[in-house]
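Side chains included, hydrogens not; waters and symmetry mates left out as well; all remaining heavy atoms used.
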Amino acid sequence: MDAASHHLTRVISHGMNAETVISDWPALTSAEVARVLQRYPQAGKPQRLEWHSPRPFSAACVMHTDAGEIFIKRHHVRVRDVAALAEEHRFVAHLHANGLPVSTALQTEDGASALADEHWTYEVFWLAPGVDLYRDAMSWTPFSSRTHAYSAGAMLARLHQASQGYDAPARAARPLISSFTIFSQEDPVRPLQAYIEQRPAIADYLHDRPWRGEVAQHLLPFHARLKPYLDEMAPLWTHNDWHASNLLWSDNSALAQAHTVLDFGLSDRTCALHDVATAIERNIVEWLAIPHRPDQLIHLDLLDALLDGYASRLPLTARQTRALAALLPLVHAEFALAELDYFHGVTQSQQNAALAYDTYLLGHAAWFNTPEGQRLLDHLERRADALEA
């Protein structure tokens with residue numbers, strides 16, 4: 001991290017556990033935003049800074065201008081450069097052209113969708129329509145109603161329909177991208193080794209760890225169950241962070257409908273079932289409650305509503321549902337490694353790096369062997385049985 005950034009104001013952010021922490025990144029200031037918006041002719045003249053985002057991996061705010069409400073997001077260049085943001089923006093533009101309610105990036109006077117300024121990279125959007133109903137929700141917070149879950153599932157299916165025909169290659173090796181390049185292979189050991197070698201920070205962290213044995217113990221048995229389905233998983237560009245807080249909603253009620261899709265920072269070329277499994281992992285299991293209670297961690301009513309909503313537009317077969325159960329214990333793995341890359345290589349937080357590796361990568365996989373984890377997988381198997389009946 002650049003030394004100068006340590007002396008700037010920071011906001012309270014969501015951490016890796018159930019507690020709030022001081023943000024990794026300095027907060028955006030009114031003067032900084034005004035300087036950035038000078039490069040965006042559509043954005044108007046800044047008037048007042050309205051809100052700072054509590055999300056941890058970047059800094060973001062809303063600025064009121066004489067042209068409307070503007071959302072500005074700033075990344076460290078080691079996390080996202082202009083080329084990386086352009087990958088995301090091209091995908092969002094494709095979705096928008098195919099009718100998905102998303103917010104497309106504004107362009108600078110030079111026609112670029114992102115702006116580089118010293119060690120920062122910026123992206124700018126009109127504030128998208130809808131109610132930010134889960135604005136303060138921590139990661140892995142479940143939906144607050146079955147209606148929300150159903151609507152989120154239907155919107156995810158809409159995204160997958162809109163994504164059809166987008167044939168960009170998978171993204172380059174970058175921090176904080178949720179990929180499916182290791183466990184999508186018949187033999188995941190070689191691609192895992194290549195993934196680590198492409199990311200020196202991960203290689204450094206794992207140098208003195210018995211990671212091969214740990215992966216073999218916690219992850220490879222699940223991969224053996226997934227292997228029969230791999231050839232049936234067609235590549236597709238996906239969102240990869242489908243959480244209620246990345247949707248804007250029609251109103252504040254329990255009957256609110258998903259209105260706008262946000263935050264494509266983790267998007268990449270994976271497959272539709274990977275995205276559905278991610279949606280389950282993000283919204284159905286209360287991972288942060290595990291230290292406090294061993295059971296009542298999963299919300300099967302919300303799971304059924306999510307999958308019913310998805311199936312209302314893209315029905316899932318019994319075999320796809322079984323493949324989903326096989327994929328679910330592994331869907332977190334590559335993002336856990338991406339977080340390890342970020343925490344060890346960028347923010348240099350040894351505490352968070354250990355959480356990413358021990359708790360997230362290994363611990364979440366191991367949880368699926370517990371009674372609660374098995375109850376979740378068994379429920380998906382019963383859904384598959386019902387589809388075959």
Side-chain angles (χ1 to χ4, degrees), residues 1-3 5-6 15-17 24-25 56-58 75-85 87-88 119 121 139 169-224 226-227 230 240-241 265-270 274 278 281 287 327 329-367:
M1 218 187 300
D2 298 84
S5 70
H6 288 283
M16 286 283 284
N17 50 36
D24 290 332
W25 304 110
F57 298 136
S58 60
H75 310 263
H76 195 279
V77 69
R78 292 180 61 190
V79 180
R80 291 291 183 272
D81 57 17
V82 168
L85 290 181
E87 291 173 336
E88 300 166 20
H119 48 268
T121 314
S139 297
R171 299 177 73 172
R174 307 183 190 280
L176 299 178
I177 290 176
S178 187
S179 54
F180 188 41
T181 60
I182 299 170
F183 296 101
S184 60
Q185 305 300 311
E186 284 287 318
D187 177 5
V189 176
R190 285 187 179 180
L192 174 57
Q193 182 70 56
Y195 186 102
I196 294 169
E197 290 172 354
Q198 292 168 359
R199 295 160 177 84
I202 300 181
D204 179 70
Y205 184 86
L206 296 180
H207 184 265
D208 295 321
R209 291 290 302 249
W211 62 269
R212 291 175 181 83
E214 290 167 333
V215 167
Q217 176 186 352
H218 294 289
L219 301 175
L220 293 190
F222 289 116
H223 182 265
L226 177 63
K227 195 180 297 186
L230 290 176
N240 297 330
D241 194 16
L266 308 190
S267 60
D268 199 0
R269 188 174 176 87
T270 65
H274 187 279
T278 298
E281 189 264 352
W287 298 101
L327 175 58
L330 294 171
V331 75
H332 71 288
E334 290 185 40
F335 187 60
L337 290 170
E339 286 194 316
L340 175 58
D341 187 26
Y342 171 80
F343 289 124
H344 188 64
V346 179
T347 65
Q348 299 175 6
S349 168
Q350 293 310 294
Q351 178 182 5
N352 283 341
L355 283 169
Y357 183 76
D358 292 310
T359 301
Y360 193 17
L361 177 68
L362 303 180
H364 283 200
W367 176 84

Discussion item. Which heavy atom of Gly345 sits nearest to which heavy atom of Arg78, and what is that distance?
Written reply: O-NH2, 2.5 Å
Worksheet, complete the sentence: d(Leu85 CG, Arg80 CZ) to nearest 0.5 Å is 7.0 Å
Fill in: Which residues share a side chain to side chain donor-acceptor pair (under 3.5 Å) with His344, sequence neighbours left out
Asp204, Gln350
Response to the item:
Between Ser179 and His274, the two heavy atoms sitting closest are O-NE2, 3.5 Å
Practice prompt. For residues Phe180 and Leu327, determine if any side-chain heavy atom of one lies less than 4.5 Å from a side-chain heavy atom of the other.
Written response: yes
Discussion item. If I take atom CH2 from residue Trp367 and atom NE2 from residue His332, how far apart are they, to the nearest 0.5 angstrom?
Written reply: 11.0 Å
Worksheet item: What is the ring orientation for His223 with Phe183, classed by angle as parallel under 30°, tilted 30 to 60°, or perpendicular over 60°?
Response: tilted
Fill in: Any side-chain heavy-atom pair of Thr270 and Asn240 under 4.5 Å
yes
Worksheet entry | Under 3.5 Å donor-acceptor, Trp287 side chain and Glu281 backbone | yes
Worksheet entry | Atom pair OG (Ser184) and NZ (Lys227), whose distance is rounded to the nearest 0.5 Å | 12.5 Å
Worksheet item: Which of these, Phe57, Phe335, Tyr205, sits in a ring pair (Phe, Tyr, Trp, His ring centres under 6.0 Å) with Tyr342?
Response: Phe57
Item to complete: Might you work through the side-chain hydrogen bond (donor to acceptor under 3.5 Å, both in side chains) test for Glu214 and Tyr357, ending with a clear yes or no?
Response: CA-CA 10 Å; Glu214 290 167 333; Tyr357 183 76; 2.4 Å; yes
Discussion item. Can you tell me if Arg190 has over 12 outside heavy atoms packed within less than 6.0 Å of its CZ?
Written reply: no
Worksheet item: Arg212: what forms a side chain to side chain donor-acceptor pair (under 3.5 Å) with it, not counting sequence neighbours?
Response: Gln193
Worksheet, complete the sentence: CD1 (Ile196) and CG (Asp341) are apart, to the nearest 0.5 Å, by 11.0 Å
Discussion item. Going by side chain to side chain contact (heavy atoms under 4.5 Å, CB included), Val215 matches just one of Leu192, Val189, Ile182. Which one?
Written reply: Leu192
Item to complete: Report yes if the side chains of Glu87 and Ser267 come closer than 4.5 Å at any heavy-atom pair, otherwise no.
Response: no
Worksheet entry | Under-4.0 Å salt bridge between Arg174 and Asp268 | no
Worksheet item: Ala216 and Pro221: which non-hydrogen atoms are nearest, and at how many Å?
Response: O-CD, 3.2 Å
Worksheet item: Taking all non-hydrogen atoms of both residues, which atom of Ala338 and which atom of Tyr195 are closest, and how far apart?
Response: N-OH, 3.6 Å
Item to complete: Please report the closest heavy-atom contact between Leu176 and Val79, naming both atoms and the distance.
Response: CD1-CG1, 4.0 Å
Response to the item:
Here the gap from Thr278 atom OG1 to Asp241 atom CG, rounded to the nearest 0.5 Å, amounts to 8.5 Å
Fill in: Distance (rounded to the nearest 0.5 Å) between Tyr360 OH and Leu340 CG
12.5 Å
